[in-house]
Structure formats: structure tokens, C-alpha cells
Amino acid sequence: MKTAVQLKLEAWWHDFKSEFVGKTIQLGKNQLGLPLVQREYANQNVNPNAKQSILKGCPVNAIPYIEITPLYRSLVPDKPGILFVNCNPSGTDYKHYKEYYEQNGSNTQDIFVYDKEDNSYFNAAKKFAKDAGVSINESNLDGNYAMIDIFPLVIQNQAVLKEAYYNAPEDRRKAFTELLNIFIDNVLQIKPKVIVATNAFVKDLLTSDNDNSLRRLNLLKATYEGDEFVRYKIEIQDFTSTLFCGGMIAGGHQMDTESRNRLNRDVRHFFSGDPIPIA
């Protein structure tokens with residue numbers, strides 16, 4: 001049975017697929033234009049810069065356009081709970097896509113639920129949440145934490161996504177705004193006490209006052225607290241949460257150990273009612 005999030009994203013993709021599939025943008029010195037979706041970005045017939053060897057035999061049609069995780073879920077509101085907000089899925093687990101594609105009769109998935117067991121990023125989120133004082137079920141990934149991408153569009157090169165967002169033509173701008181509305185709806189459903197932004201682009205969207213931020217789009221009100229940029233108060237309609245900003249908690253560009261430990265310490269102290277002084 002499909003979740004409410006899947007149904008929302010299916011409707012969004014039906015309305016705005018044409019703004020991404022088959023479209024390219026100019027980025028840097030690349031004069032040919034780079035595709036906006038990983039299925040085309042990894043396809044050498046579309047993107048001559050693509051290295052077919054990295055696909056490891058995975059058909060490009062097996063790469064989804066949109067990807068979500070099983071960690072899109074509501075939290076218990078009166079207990080410590082964390083929502084990890086990433087930027088977007090990279091779509092580079094070609095081995096997993098290939099296995100799913102072959103096991104399901106070469107079934108192409110436009111919208112994919114990435115539920116690979118023993119995933120390093122899921123495991124890192126679980127450990128971070130546990131160390132911060134969140135209730136955890138040790139036998140599986142259950143616990144009072146969630147994880148979503150602000151843009152669930154699958155694209156490996158985040159610079160492509162950023163360029164597509166910041167310099168979007170009118171119709172694509174509407175598509176991105178609708179996607180951000182879905183993100184806000186997800187936050188309101190999840191109701192986390194703490195939001196951890198794991199990406200600088202996400203942090204800017206949530207806290208900056210530029211024309212492309214969620215605040216300027218009237219999707220949230222963000223109030224800065226303290227002099228060291230340690231945490232922010234996020235207000236969405238009548239819901240309030242506290243935002244902590246860091247980097248990736250796993251993967252090739254993850255935070256160093258000390259930075260991750262400091263971020264975890266700050267969240268843990270916040271939950272304890274004795275937050276680290278920031279003024």
C-alpha cells in the first residue's frame with residue numbers, strides 16, 4: 001500500500017515531469033548542458049561525460065527519478081525526536097537498483113522507496129539519534145527519528161540541482177515551489193522537536209533571507225538564536241521546532257568525527273533541558 005508521501009510525489013511528478021526529463025542546464029564550462037535527472041546524467045548516450053563503467057551493468061532505466069526512504073514517518077511529539085533533512089538522493093547505488101530491476105521483471109520505477117537493509121546512512125542516523133537521547137529499537141530501524149530529502153529528485157551532481165533551482169524558468173520554479181510545499185507538509189506531519197540539516201544548501205534554504213529561501217516564499221518563519229550560529233528556531237504555521245546545522249553524517253563527504261560529536265552533544269544537551277550556552 002502506497003503512503004501519503006508516495007501519492008503526493010506521484011501527483012507532483014505527473015504534473016511536472018516534463019520540466020526535468022530531457023532537460024539540461026549549462027554549468028561552468030560544460031557547453032553541452034548537463035541533464036537534471038540521474039537516469040540521463042549517468043547515460044553516456046545523453047551525457048558524454050558519463051562513465052559507463054560506474055553503472056556496473058545496471059540499466060539506466062533502473063535508476064529512479066524520485067527516491068524516498070522508509071524513514072518518512074511521524075514522531076511521538078512529547079518525546080525527544082529528530083528529523084534529519086538531507087538535500088537529495090544521489091542515485092548511485094547501481095548494484096541495488098540492478099538487483100531490484102532484475103528481481104521485479106525489469107520493472108522501471110519512477111518513484112522508488114530505498115529500503116536497502118544495513119544501509120550505512122540509515123545506521124548512522126540511528127546511532128546519532130540514540131547518542132542524542134532518542135528512543136531507539138535496537139532490533140531494527142524503528143525509533144523516534146525520521147529522515148527526508150528536501151528535494152527527493154535523484155541526481156548525483158548537487159551543483160546541477162542548485163543551478164536548476166536558483167535559475168529556474170517560470171514553470172520549473174512552480175515545480176520547485178510545489179515540491180517545497182510538500183516538504184513543509186511532511187515536516188508538519190512528522191512534528192520533530194529537533195531538525196538536523198545535514199547539508200549547507202538545505203541550511204541556506206531554511207535560514208537565509210534571499211529570494212529563494214523558504215522564508216521569502218512564505219513557507220516558514222526562521223528566527224536566529226545566539227551569536228555562534230548554533231541553532232535556529234523554525235516556525236511553520238503554529239508549529240515550532242529547533243534547527244541544528246551540520247554536514248553529512250555518513251558517506252564520502254561526511255563530517256569529521258569531532259564535528260559530528262559536537263553536533264550530537266549540542267542536540268543531546270538541548271533534549272536534556274540544559275542546552276549549551278550560545279550567547
- May I ask you to decide whether Asp93 forms a salt bridge with Lys98, counting only side-chain N to carboxylate O separations under 4.0 Å? no
- Message: Taking Glu258 first and then Arg260, would you say they form a salt bridge - that is, a charged N and a carboxylate O separated by under 4.0 Å?
- Response: no
- Note on the structure: Interatomic distance, CG@Leu9 vs CG@Leu153, rounded to 0.5 Å, equals 9.0 Å
- Query: Which is it for Lys126 and Asp131 under the salt bridge (charged side-chain N to carboxylate O under 4.0 Å, His left out) test, yes or no, and what are the steps along the way?
  - Reply: CA-CA 9 Å; Lys126 177 179 177 179; Asp131 292 345; over 6 Å; no
- Message: Can you confirm if the aromatic rings of Tyr65 and Phe112 lie within a centre distance of less than 6.0 Å?
- Response: no
- Mind checking whether Phe270 and Arg265 have side chains closer than 4.5 Å, heavy atoms only? no
- Heavy atoms of other groups near Lys130 NZ, more than 12 under 6.0 Å: no
- Rounded to the nearest 0.5 Å, how far does CG of Leu219 lie from OG1 of Thr177? 7.5 Å
- Message: Please tell me whether Phe20 and Trp12 form a close aromatic pair, meaning their ring centres lie under 6.0 Å apart.
- Response: yes
- Check: Ser74 side chain, Gln189 main-chain N or O, donor-acceptor pair, under 3.5 Å: yes
- Check: Gln52 side chain, Gln44 main-chain N or O, donor-acceptor pair, under 3.5 Å: yes
- Do Arg173 and Asn167 meet the criterion of a side-chain donor-acceptor pair at a distance under 3.5 Å? no
- Honestly curious: do Phe201 and Leu214 fall in one hydrophobic cluster under the side-chain, below-4.5 Å linking rule? yes
- Kindly say whether the aromatic ring centers of Phe128 and Tyr145 come within a distance under 6.0 Å. no
- Item | Note, Thr240 side chain near Lys233 side chain (heavy atom, < 4.5 Å) | yes
- Taking side chain as C-beta onward, heavy atoms only, is Val154 less than 4.5 Å from Pro64? yes
- Is a salt bridge present between Asp266 and Arg262, judged by a nitrogen-to-oxygen distance below 4.0 Å? no
- Tyr97 and its side-chain hydrogen bond (donor to acceptor under 3.5 Å, both in side chains) partner, picked from Gln109, Glu67, Glu102: Glu67
- Are Leu188 and Gln237 close enough that some pair of their side-chain heavy atoms sits under 4.5 Å apart? yes
- Answer yes if the ring centres of Tyr166 and Phe176 are under 6.0 angstrom apart, and no otherwise. no
- Message: Are more than 12 heavy atoms, taken from residues, nucleotides or ligands other than Lys8, located less than 6.0 Å from that residue's NZ atom?
- Response: yes
- Kindly compute the distance separating CG (Leu34) from CG (Leu161), expressed to the nearest 0.5 Å. 12.5 Å
- Item | Separation of Ser90 OG from Ile155 CD1 (nearest 0.5 Å) | 9.5 Å
- Do the side-chain N and O atoms of Ser135 and Asn144 include a donor-acceptor pair separated by under 3.5 angstrom? no
- Task: Measure the OG1-CG distance between Thr257 and Asn264 for me, rounded to the nearest 0.5 Å.
- Result: 12.0 Å
- State, with a plain yes or no, whether a side-chain heavy atom of Tyr114 is found less than 4.5 Å away from one of His96. yes
- Message: Nearest 0.5 Å, please: how far is CG in Leu83 from CD1 in Ile195?
- Response: 5.5 Å
- Task: Please answer whether the main-chain N or O of Val76 pairs with a side-chain N or O of Lys79 as donor and acceptor at a distance below 3.5 Å.
- Result: no
- Query: When you measure from the side chain of Asn186 to the backbone N and O of Ile182, does any donor-acceptor pair fall under 3.5 Å?
  - Reply: yes
- Can a cation-pi geometry be assigned to Arg172 and Tyr165, taking NZ or CZ under 6.0 Å from the six-membered ring centre and within 45° of the ring axis? no
- Note: Glu99-Lys95 ion pair, threshold 4.0 Å (strictly below): yes
- Heavy-atom check, side chain of Phe183 versus side chain of Val85, under 4.5 Å: yes
- Task: Evaluate the side-chain hydrogen bond (donor to acceptor under 3.5 Å, both in side chains) criterion for residues Glu40 and Asn45: first the C-alpha distance (whole Å), next the side-chain angles of each, then the deciding distance (0.1 Å), finally the verdict.
- Result: CA-CA 8 Å; Glu40 296 171 355; Asn45 294 326; over 6 Å; no
- Please test Arg215 against Asn210 for side-chain hydrogen bond (donor to acceptor under 3.5 Å, both in side chains), starting from the C-alpha separation and ending with a verdict. CA-CA 8 Å; Arg215 186 164 20 171; Asn210 64 46; over 6 Å; no
- Task: Identify whether the distance between the nearest side-chain nitrogen and carboxylate oxygen of Asp142 and Arg73 falls below 4.0 Å.
- Result: yes
- Begin with the C-alpha distance, continue with both residues' side-chain angles, and end with the deciding distance and a verdict on side chain to side chain contact (heavy atoms under 4.5 Å, CB included) for Leu205 and Ile150. CA-CA 9 Å; Leu205 289 171; Ile150 198 167; 3.9 Å; yes
- Determine whether Val46 and Tyr41 fall in the same hydrophobic cluster, where Ile, Leu, Val, Met, Phe, Trp and Tyr are linked whenever their side-chain heavy atoms lie under 4.5 Å apart. no
